[in-house]
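A short worksheet on the structure shown next.
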Amino acid sequence: MTENTLRDLLSIGDLSRLTGVPVRTLRFYCDDGILESRRSGGGHRMFDPVTAVDRVVLLRRLRALGLSLAAITEVLTGARSIGEVVAAERAALDTELGVLAWRRASLRAVEDAPHPERAARLELLAAVQDRHRAHDGLVAFWRRLLTPIPPAMFDGFVAMNIPDLPADPAPRQLVAFAELVTRAADPALSVVMSRQLWRANRSEIHDRPGLVTGVAEACMSVDSDGLIDTEPRPGAELDHFMAAHADARRVCDTPRFRRQLLAAAADGDERIHRYWQLTSEITETSNAGAALDWLYQALTRSVAAAA
């Protein structure tokens, strides 16, 4: 390296003054291979006056955003773009914030509980500290009940009826979710919920996907027509519901069939009501449970009227 070339380079002190980065930090970047330097005859580090300044300024700005040195090195070497590493850091931060929000809601839920109930509240919330595992448990609960309906149909049911808490849940939503997950783990709930879905003679159902589709359509009619908050009564919605059950079993919708379906119903079970009530508390919207209850009440009146 000639004397003229050295004269054009920056010393580490000059680079520090131009960038505002301490000399000690610049040495660390050099030793870590992040910043390139040359050695003078006296062994001093020397830097290109253009590329070194730009590199250190970019490094400093990325560090101010909290990016790791490994990610910054990938940008400086061209392995990844600034957009790529920033997007990855933002995604990681979103995950971290989600965990913190869940923890904060849990702490607040315990704090808000009456003193004698705090131990029980703590035990309840312990079951859902892994939110993804808890949600997967609800999905598995319904998968067992609804098998063998097609995946696309099942995914639609999940989207409409299995609550997924917001990123920053309210404490009351978290408590409701924890109770919901705990109840879904009870085998007794599976038994009564199965009776609500399939009614009588499940072994005689020849078209389960068709039954689920028909019942879903009847529930959507109840919801879309604004009937949830009205007095249940026989009509087109109940006829659609009954046709779905009759067609799936390859029988006719007769007064006798309606009596049989009503006799096998489990809709009045408190566990079913509580499950759907908790779901509504979490989502703050209507769900299949409310529509099914409306149809059950309408069926009850239909049978009573026929008698």
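The figures that follow rest on heavy atoms only: side chains count, while hydrogens, waters and symmetry mates do not. This chain uses plain numbering: 1 for the first residue, then up along the sequence.
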### Message
Membership question, hydrophobic clusters at under 4.5 Å side-chain separation (ILVMFWY): are Leu107 and Leu125 in the same one?
### Response
no
### Task
Please tell me if the side chains of Leu261 and Arg249 come closer than 4.5 Å, counting only heavy atoms from C-beta onward.
yes
### Task
For the pair Gln297 (side chain) and Trp294 (backbone), establish whether a donor and an acceptor sit closer than 3.5 Å, ignoring hydrogens and angles.
no
### Task
Output all residues satisfying salt bridge (Lys or Arg N to Asp or Glu O under 4.0 Å) with Arg259, sequence neighbours left out; order by chain, then residue number.
none
### Task
Report yes or no: does Ser40 contribute a side-chain atom to a donor-acceptor pair with the main-chain N or O of His44 at less than 3.5 Å?
yes
### Message
Side chains of Trp276 and Gln196: any donor to acceptor distance under 3.5 Å?
### Response
yes
### Message
Using the salt bridge (Lys or Arg N to Asp or Glu O under 4.0 Å) criterion, which residues pair with Arg63? Sequence neighbours excluded.
### Response
none
### Task
Consider only side-chain N and O atoms of Asp54 and Thr51, and report whether a donor and an acceptor are under 3.5 Å apart.
no
### Task
Using the test ring pair (Phe, Tyr, Trp, His ring centres under 6.0 Å), find all partners of Phe47 that sit at least two apart in sequence or belong to another chain.
none
### Query
Around atom CD of Glu123, are there more than 12 heavy atoms of other residues, nucleotides or ligands at under 6.0 Å?
no
### Task
For Thr285, enumerate each residue passing the side-chain contact (heavy atoms from CB on, under 4.5 Å) test, keeping only those at least two apart in sequence or located in another chain.
Thr283
### Query
Ignoring hydrogens and geometry, is there a side-chain-to-backbone donor-acceptor pair from Arg45 to Arg38 under 3.5 Å?
no
### Summary
Applying side-chain contact (heavy atoms from CB on, under 4.5 Å) to Ala79 and not counting sequence neighbours gives Glu74, Thr77
### Query
Do side-chain atoms of Asp32 reach the backbone of Ile34 as a donor and acceptor pair under 3.5 angstrom?
no
Contacts under 3.5 angstrom, residues 163-171 side chains, donor-acceptor by atom type, not counting sequence neighbours:
residue: Asp168; atom: OD1; partner: Arg104; partner atom: NH2; Å: 2.9
residue: Asp168; atom: OD2; partner: Arg104; partner atom: NH2; Å: 2.8

### Query
Backbone N or O of Trp102 within a donor-acceptor pair of the Ser106 side chain at under 3.5 Å?
yes
### Task
Could you tell me which non-hydrogen atom of Ala266 sits nearest to which non-hydrogen atom of Ile272, and how far apart they are?
O-CD1, 3.2 Å
### Message
Looking at Arg233, I want to see if its CZ is surrounded by more than 12 non-hydrogen atoms of other residues, nucleotides or ligands under 6.0 Å.
### Response
yes
### Query
Salt bridge check: are Arg183 and Asp186 linked by an N-O gap of less than 4.0 Å?
no
### Message
Working note: Asp31 + Arg27, criterion salt bridge (charged side-chain N to carboxylate O under 4.0 Å, His left out); need CA distance, chi angles, decisive distance, verdict.
### Response
CA-CA 6 Å; Asp31 294 339; Arg27 289 198 184 103; over 6 Å; no
### Message
So Phe257 and His245, do their side chains get closer than 4.5 Å, heavy atoms only?
### Response
yes
#### Entry: Residue list, side-chain contact (heavy atoms from CB on, under 4.5 Å) with Asp155, at least two apart or on another chain
none
Anything under 3.5 Å between a donor and an acceptor, one on a side chain of residues 133-153, the other on a protein residue two or more places apart or in another chain? List them.
residue: Trp142; atom: NE1; partner: Tyr275; partner atom: OH; Å: 2.7
residue: Thr147; atom: OG1; partner: Arg143; partner atom: O; Å: 2.5

### Task
Measure the acute angle between the ring planes of Phe157 and Phe154, then classify it against the limits of 30° and 60° as parallel, tilted or perpendicular.
parallel
### Query
side-chain contact (heavy atoms from CB on, under 4.5 Å) with Leu58: which residues, sequence neighbours excluded?
Leu62, Val75, Leu76, Ile82
### Message
More than 12 heavy atoms of other residues, nucleotides or ligands under 6.0 Å from CD of Glu270: yes or no?
### Response
yes
### Message
Once rounded to the nearest 0.5 Å, what's the spacing between atom OG of Ser302 and atom CG of Asp253?
### Response
8.0 Å
### Summary
Those residues at least two apart in sequence (or on a different chain) that pass salt bridge (Lys or Arg N to Asp or Glu O under 4.0 Å) with Arg103 are none
### Message
Just so I know, are the side chains of Val53 and Leu10 near enough to count as touching, which here means a heavy-atom distance under 4.5 Å?
### Response
yes
Distance-only check: which donor-acceptor pairs under 3.5 Å involve side-chain atoms of residues 207-218, not counting sequence neighbours?
residue: Asp207; atom: OD1; partner: Gly210; partner atom: N; Å: 2.9
residue: Thr213; atom: OG1; partner: Pro209; partner atom: O; Å: 2.9
residue: Glu217; atom: OE1; partner: His240; partner atom: NE2; Å: 2.9

### Query
Run the salt bridge (charged side-chain N to carboxylate O under 4.0 Å, His left out) check on Arg80 and Glu89 step by step: do they pass?
CA-CA 13 Å; Arg80 299 171 74 189; Glu89 183 68 19; over 6 Å; no
### Message
Is it the case that the side chains of Thr279 and Asn161 hold a donor-acceptor pair, with the cut-off being a distance below 3.5 Å and no angle test?
### Response
no
### Partners meeting salt bridge (Lys or Arg N to Asp or Glu O under 4.0 Å) with Asp239 (sequence neighbours left out)
Arg258
### Task
Mark yes or no for whether Arg271, through its side chain, and Leu189, through its backbone, hold a donor-acceptor pair below 3.5 Å.
no
### Message
Keeping Thr25 on the side-chain end and Val21 on the backbone end, is there a donor-acceptor pair under 3.5 Å?
### Response
no
### Message
If I compare all heavy atoms of Arg118 with all of Ala113, which pair ends up nearest, and what's the gap?
### Response
NE-O, 3.1 Å
### Task
Please check if atom CD in Gln129 has more than 12 non-hydrogen atoms from other residues, nucleotides or ligands closer than 6.0 Å.
yes
